[in-house]
Amino acid sequence: MLRKTLLKARSKFIRKQFTMSKFKSEFLHTLSERGFIHQTSDDTGLDTLLQKETVTAYIGFDPTAPSLHAGSLIQIMMLHWLQKSGHRAVSLMGGGTGMVGDPSFKEESRQLMTVETIESNIASIKKVFSSYLTYGEGSTDALMVNNADWLLGINYLEFLRDVGRHFSVNRMLSFDSVKTRLDREQSLSFLEFNYMILQAYDYVELARRYDCQIQMGGSDQWGNIVNGIDLGHRMGTKQLFALTSPLLTTSSGAKMGKSATGAIWLNPDMLSAYDFWQYWRNTEDADVGRFLRLYTTLPMDEIARLSALGGSELNDVKKILATEVTAMLHGRAASEQAAETARKVFEEGALDGNLPTVSLDARELEAGIGLLALFVKAGLAASNGEARRHVQGGAVRINDQPVSDDKRVIGTADLTADQVIKVSLGKKKHVLVKAG
């Protein structure tokens, strides 16, 4: 009885804490109570603007890979809540700026990509956004825009005269994203130095073309966004605003969107719904409430109730978190299938055909493949050395049987009655190997 009373009291406290907000506009109130806001350029002015009219806001995404990863979800969710609040969201693809590369807080220059690679990455990245935004021609329908549309046609001398003259090199050198590189005595190319000018110009173009008045992004983009506001003021746009989100790490300090085996990609062809679900199921205890607020659309009262739970009940809350986050990206059916697969594997010890699957050439399996090479092919280790360390640590199982010999050869004799080989790393990572 006492425990129930304490939980109820804690739930009321958390609910009150979550709903406290100084903002009156629906969008900023939602972002504030869910923990999205790190900094704005003008709290009062932005709040007033969002109350009186439909506002267009954008976030830029660099096409550095064929998929965004889970670290980008906080920005995507900001666009989602913007549209849900009755405003227009713009997802800006960096087809032009991707040719330069953002130097912000990087230790070295980005490797330059070809135009073909950039275009391929953008086409692949676009697939994810429709899970979070509704695109169309309506006043609050989202837009997908590519800054290559205006950057690739720039006349260099005209750009220097009309835009470059508004930038002070002294001020640009003072920004943390540049200063950090220089303080470490690491090279910063003239190409990268121009990135902040191009990004600022993006804001001006979006203001002129689509009436954008808000740029959002991670807190590491603050300097770039403020540059855009200043350039807009000098070039005669409406008043522009900045809104940044905190750069997130897990409670243990790990970077969001990364796991021991690599990036948590958003594109389903690069990471299965099951593996995505497992990433969120393995959330650290201290992060559960925060991630429910940031990455799900559950009502705040329900989040408060779930956040008040502890002990064994917390595992059920993690499953809810995983299912809700996965449902937004992969769809409700795929999310619930991933949850059911996990239940069968972990609670019943069953072999479920919906586990991630890797196909090997039948001849390769007949000839036999080394255990370490198999783990690399299955995506459970990045190298033979890493796989060997897992074997030495007692974390490797074949068909649920522990393996201590790192020289073991796996072949057709290891196929189960279902004609698969279950390869496991620890208790939570499983892959089925089939003869293709």
Side-chain angles (χ1 to χ4, degrees), residues 22-23 25 27-28 31-32 36-62 74-75 78-79 81-82 85 87-94 96-97 100 102-105 143 145 147 149-151 154 159-179 192-247:
K22 63 182 178 181
F23 297 109
S25 63
F27 177 56
L28 290 185
L31 290 198
S32 178
F36 283 94
I37 299 177
H38 176 74
Q39 196 171 5
T40 75
S41 56
D42 177 1
D43 280 1
T44 302
L46 184 55
D47 198 29
T48 300
L49 175 68
L50 287 160
Q51 289 178 77
K52 70 180 184 180
E53 61 185 82
T54 298
V55 182
T56 301
Y58 83 99
I59 298 178
F61 298 89
D62 279 333
I74 187 169
Q75 273 76 51
M78 289 171 77
L79 291 176
W81 286 117
L82 180 78
S85 302
H87 301 285
R88 186 168 67 159
V90 174
S91 44
L92 176 67
M93 298 290 104
T97 46
V100 176
D102 184 0
S104 297
F105 300 98
L143 300 175
V145 179
N147 64 14
D149 293 346
W150 54 84
L151 292 182
I154 283 177
F159 188 75
L160 286 179
R161 183 191 63 197
D162 297 338
V163 179
R165 65 190 177 90
H166 295 300
F167 286 83
S168 161
V169 172
N170 297 45
R171 185 164 181 265
M172 293 164 74
L173 288 172
S174 71
F175 284 114
D176 288 341
S177 57
V178 173
K179 193 170 182 295
E192 293 176 293
F193 195 60
N194 275 270
Y195 182 90
M196 64 179 71
I197 300 178
L198 296 177
Q199 185 169 327
Y201 184 64
D202 279 347
Y203 203 169
V204 173
E205 280 291 332
L206 287 164
R208 289 172 171 173
R209 293 173 181 234
Y210 303 104
D211 199 27
C212 270
Q213 286 187 262
I214 308 171
Q215 184 182 355
M216 304 186 291
S219 59
D220 60 333
Q221 293 298 315
W222 178 256
N224 288 331
I225 299 174
V226 170
N227 264 337
I229 293 175
D230 183 61
L231 180 63
H233 175 73
R234 294 173 184 273
M235 297 185 72
T237 67
K238 290 182 180 179
Q239 176 62 52
L240 305 179
F241 297 89
L243 194 164
T244 62
S245 61
L247 291 181

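The structure presented is a predicted model; accordingly, all values stated were derived computationally and were not measured.
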| Working for side-chain contact (heavy atoms from CB on, under 4.5 Å), residues Gln75 and Gln221 | CA-CA 12 Å; Gln75 273 76 51; Gln221 293 298 315; over 6 Å; no
| query | Rounded to the nearest 0.5 Å, how far apart are OG of Ser41 and CD of Gln215? | reply | 10.5 Å
| field | Pairing residues for Phe167 by the ring-ring contact (aromatic ring centres under 6.0 Å, His included) criterion, not counting sequence neighbours | value | none
| task | Take Lys238 and Asp211 through the test side-chain contact (heavy atoms from CB on, under 4.5 Å) and record every step on the way to the result. | result | CA-CA 8 Å; Lys238 290 182 180 179; Asp211 199 27; 3.2 Å; yes
| Any side-chain heavy atom of Asp149 sitting closer than 4.5 Å to one from Glu205? | no
| Does the side chain of Thr40 come within less than 4.5 Å of Phe241's, by heavy atoms? | no
| Distance in Å, His233 NE2 paired with Leu240 CG, rounded so as to fall on 0.5 Å steps | 10.5 Å
| request: Could you tell me whether Tyr210 and Tyr58 have their ring centroids closer than 6.0 angstrom? | output: no
| Residue pair Val55 / Phe27, side-chain heavy-atom distance below 4.5 Å | no
| query | Donor-acceptor pair, His38 side chain versus Thr244 backbone, under 3.5 Å? | reply | no
| task | Show your reasoning for whether side-chain contact (heavy atoms from CB on, under 4.5 Å) applies to Thr97 and Tyr201. | result | CA-CA 11 Å; Thr97 46; Tyr201 184 64; over 6 Å; no
| query | What's the spacing between Ile59 CD1 and Met216 CE if we round to 0.5 Å? | reply | 4.0 Å
| Considering only heavy atoms from C-beta outward, does the side chain of Leu206 approach that of Asn147 to under 4.5 Å? | no
| task | Kindly give the heavy-atom pair with the smallest separation between Ala89 and Leu82, and that separation in Å. | result | CA-CD2, 3.6 Å
| Do side-chain atoms of Tyr203 reach the backbone of Ile214 as a donor and acceptor pair under 3.5 angstrom? | yes
| Taking all non-hydrogen atoms of both residues, which atom of Gly217 and which atom of Ile225 are closest, and how far apart? | N-CD1, 4.2 Å
| said: Measuring from atom CG of Leu92 to atom CG of Asp62, what distance do you get when rounded to the nearest 0.5 angstrom? | reply: 9.0 Å
| message | Do Val163 and Met235 make a side-chain contact, defined as non-hydrogen atoms from C-beta onward lying under 4.5 Å apart? | response | yes
| request: Give the intermediate values and the outcome of side-chain contact (heavy atoms from CB on, under 4.5 Å) for residues Asn224 and Tyr195. | output: CA-CA 9 Å; Asn224 288 331; Tyr195 182 90; 4.2 Å; yes
| Heavy-atom pair of closest approach, residues Arg88 and Thr54 | N-CG2, 4.3 Å
| Leu79 versus Ala57, closest heavy-atom pair with distance | CD2-O, 4.4 Å
| message | Show the nearest heavy-atom pair for residues Val204 and Gly228, with the distance to one decimal. | response | CG2-O, 4.5 Å
| Note, Phe23 side chain near Leu50 side chain (heavy atom, < 4.5 Å) | no
| query | From Ile229 CD1 over to Leu231 CG, what is the distance, rounded to the nearest 0.5 angstrom? | reply | 11.0 Å
| field | Results of salt bridge (Lys or Arg N to Asp or Glu O under 4.0 Å) for Asp47 - residues two or more places apart only | value | none
| field | Separation of Leu31 CG from Ser85 OG (nearest 0.5 Å) | value | 7.0 Å
